[in-house]
Amino acid sequence: MNEVKKEMNNFIQKIINDDSDSGKWNNRVHTRFPPEPNGYLHIGHAKSICLNFGIAEKNKGTCNLRFDDTNPVKEEEEYVQSIIEDVKWLGFDWEDRLFYASDYFEQLYEFAIQLIQDGSAYICDLSGDEIRNMRGSLNEPGLESPHRTRSVEENLELFHKMKNGEFGNGEKVLRAKINMAHPNLNMRDPVMYRILHAKHHRTGNDWCIYPMYDWAHGLEDSIERITHSICTLEFEDHRPLYDWYLNQLDIYHPQQIEFARLNLNFTMMSKRKLKQLVDENHVSGWDDPRMPTISGLRRRGYTPKAIRNFAEDVGVTKRDSIIDVVRLENALREDLNKIAPRVMGVLDPLKVVITNYPEDKTELLKAVNNPENPDAGKRDIPFSKELYIEQSDFMEDPPRKFFRLGPGREVRLRYAYFITCNEVIKNKSGEIIELHCTYDSETKGGSAPDGRKVKGTLHWVSVNDAIDAEVRLYDRLFLNENPGETDDFLANLNPESCKTQANAKLESSLSNPENITYQFERNGYFIKDEKDSMNGKLVFNRAVSLRDSWAKFFKNNGK
RNA sequence: UGGGGCGUAGUAUAAUGGUAGUACACCUGGUUUUGGUCCAGGCAGUUGGGGUUCGACUCCCUACGCCCCAGCCA
């Protein structure tokens with residue numbers, strides 16, 4: 001047993017190991033990720049993507065991307081494109097195996113005819129209501145449809161007519177003839193085809209009958225020679241039907257395996273409700289940085305690696321669980337800490353005048369680009385008489401343990417000098433608008449030759465060289481830990497989920513930022529918003545803050 | 001009440017008959033020119049009850065708890 005296998009030993013991998021030992025699939029592993037293009041992918045899908053592509057990769061197998069596009073009234077091409085982009089961005093490659101359920105409509109139709117000919121399927125004229133009423137209940141068996149005994153010939157003829165558009169929506173369905181008294185409701189003569197006179201995003205008006213999920217899915221898996229068909233827990237009840245169809249047809253038969261979908265606290269994963277947030281403009285779109293969508297996370301500044309690490313980290317089981325969203329944030333911090341270039345940006349500026357610094361002087365100081373990675377090198381940052389520091393880095397009446405700036409206190413400006421605050425300038429309403437400080441020219445670079453220590457180190461930006469930017473600070477979208485469970489999830493929207501710092505000042509190296517996530521030292525990780533940065537206006541999104549033990553201490557101990 | 005699943009620290013997740021481990025969270029301390037990172041230490045768990053066994057998270061029985069299912073959605 002090698003290291004890799006030890007790390008990756010979730011229950012699905014164990015099944016694969018067993019299959020490998022028994023030679024069940026001739027050592028083949030072939031999975032698929034089968035999204036329905038009826039919305040954007042979210043972090044929950046990411047778990048499934050990482051599982052399916054990941055398990056194929058780890059076992060030298062392959063994974064297909066397959067659109068389960070069997071319901072034209074909900075599906076759109078826009079979603080297809082976004083899904084392709086998102087899976088690609090996560091770093092997975094389906095090579096030439098991009099498939100659509102709609103590519104198999106003809107074959108599915110032929111299979112249905114086969115079932116009819118075997119006497120295992122029939123056309124039912126009952127209405128939707130009637131079918132539901134006759135299905136029975138959890139405790140009572142259902143009633144058989146009066147059309148259950150139609151002849152094969154009649155069924156064949158009616159099915160042709162269905163296909164040819166001779167009936168209206170809902171007039172007839174094709175049903176499997178199984179058992180109306182089955183304890184599993186899914187087996188009580190489930191619908192295989194329904195009539196939908198709707199334009200499909202790929203097949204146009206070629207079809208007016210569309211296959212139901214249960215009928216279609218196993219066949220899609222079978223056609224693609226999938227070995228392990230991995231889906232979520234709620235389909236456990238459908239497995240007997242999945243198996244029944246494939247057994248009736250006596251064709252290649254993949255194994256369906258169910259795992260628990262991802263749940264995150266303070267996060268809502270329902271596609272329907274996410275769509276509502278978008279449609280009702282509670283967020284700016286599917287890619288709003290507060291959305292749990294892949295596109296939202298991307299715009300927020302998440303990296304594919306962080307998401308993949310997270311998916312690996314939370315594991316795969318059959319237990320319903322709710323993962324703490326801070327683990328997703330931690331996965332991001334972990335990745336970004338190693339790779340993000342450090343820069344200085346003042347979000348909420350307070351002007352500082354160094355009274356003993358020459359009026360017109362600007363000097364360039366060396367700053368480390370990434371202390372975690374010496375290869376990232378250094379850069380020059382301009383220093384001058386007037387600077388900005390963070391409002392929150394000054395307190396007129398500081399509490400114990402506050403080791404930033406206060407009247408008479410000395411702190412270090414990162415990579416620059418020690419400064420001491422001598423005077424606090426206020427406006428008429430008593431607000432602090434400016435600090436007058438003196439610097440110690442001996443401390444250039446940030447250390448004192450006399451060995452003198454300061455506790456605080458502040459980030460800063462030179463006034464003359466500062467770049468203006470709008471910075472958006474995001475917080476969780478919902479206040480409630482389980483927003484999906486409440487009746488009115490909109491009532492739980494966090495009114496402060498996006499705070500804007502309109503007057504942020506950034507160091508000059510950020511005049512033309514790359515499309516990567518930076519660390520603003522002592523603040524957090526930020527990425528330029530490519531959508532909203534326009535005509536000279538820079539907008540940055542905060543992906544996640546840095547861990548802040550001072551904020552925690554302050555919160556726990558009051559003042 | 002029928003059927004299908006699931007119960008291990010606060011939250012997740014390992015251990016498949018042999019020392020209950022890991023991560024995050026939480027608490028201490030150390031290092032630090034980011035109150036970041038990093039390092040060291042600590043707290044804390046097998047749903048209850050029986051049984052089998054030298055030995056049970058693991059096997060058996062039973063009780064309890066939680067999740068899913070009555071779309072012509074997926």
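Chain naming here is simple, since letters A, B, ... match the order of the sequence lines and numbering starts at 1 in each.
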A:Trp460 ring center near A:Phe383 ring center (under 6.0 Å): yes

Ring centers of A:Phe520, A:Phe540 separated by less than 6.0 Å: yes

Pair A:Asp313 + A:Lys47, salt bridge at N-O below 4.0 Å: no

Counting any heavy atom closer than 4.0 Å, what does [X] reach on the DNA or RNA strands: base, sugar-phosphate only, or nothing?
X: A:Val173; value: base
X: A:Tyr415; value: base
X: A:Thr317; value: sugar-phosphate

Residue A:Lys273 excluded, over 12 heavy atoms near NZ under 6.0 Å: yes

Just the rounded figure in Å: distance from [atom2] of [N] to [atom1] of [X].
X: A:Met192; N: B:A74; atom1: CE; atom2: P; value: 14 Å
X: A:Lys14; N: B:U13; atom1: NZ; atom2: P; value: 13 Å
X: A:Met180; N: B:A70; atom1: CE; atom2: C1'; value: 10 Å

Protein-to-nucleotide contact annotation, 5' to 3' order, nucleotides 35-47 of chain B [B base; S sugar-phosphate only; - none; under 4.0 Å, heavy atom]: BBS----------

A:Tyr100 six-ring centre to A:Arg202 NZ/CZ under 6.0 Å and within 45° of normal: yes

Expressed as a whole number of Å, how far does the [atom1] atom of [N] sit from that of [M]?
N: B:A23; M: B:G17; atom1: C1'; value: 27 Å
N: B:C68; M: B:A63; atom1: P; value: 23 Å
N: B:C59; M: B:C73; atom1: P; value: 41 Å

Short side-chain N/O contact from A:Arg327 to OP1 or OP2 of B:U13, under 4.0 Å: no

B:C68 phosphate, OP1 or OP2, under 4.0 Å from A:Arg261 side-chain N/O: no

Distances under 3.5 Å only, N/O to N/O: pair up the protein atoms with those of nucleotides 5-8 of chain B.
{"residue": "B:G5", "atom": "O2'", "partner": "A:Glu236", "partner atom": "OE1", "Å": "3.3"}
{"residue": "B:G7", "atom": "OP1", "partner": "A:Arg319", "partner atom": "NE", "Å": "3.3"}
{"residue": "B:U8", "atom": "OP2", "partner": "A:Arg319", "partner atom": "NH1", "Å": "3.2"}
{"residue": "B:U8", "atom": "O4", "partner": "A:Arg319", "partner atom": "NH2", "Å": "3.3"}

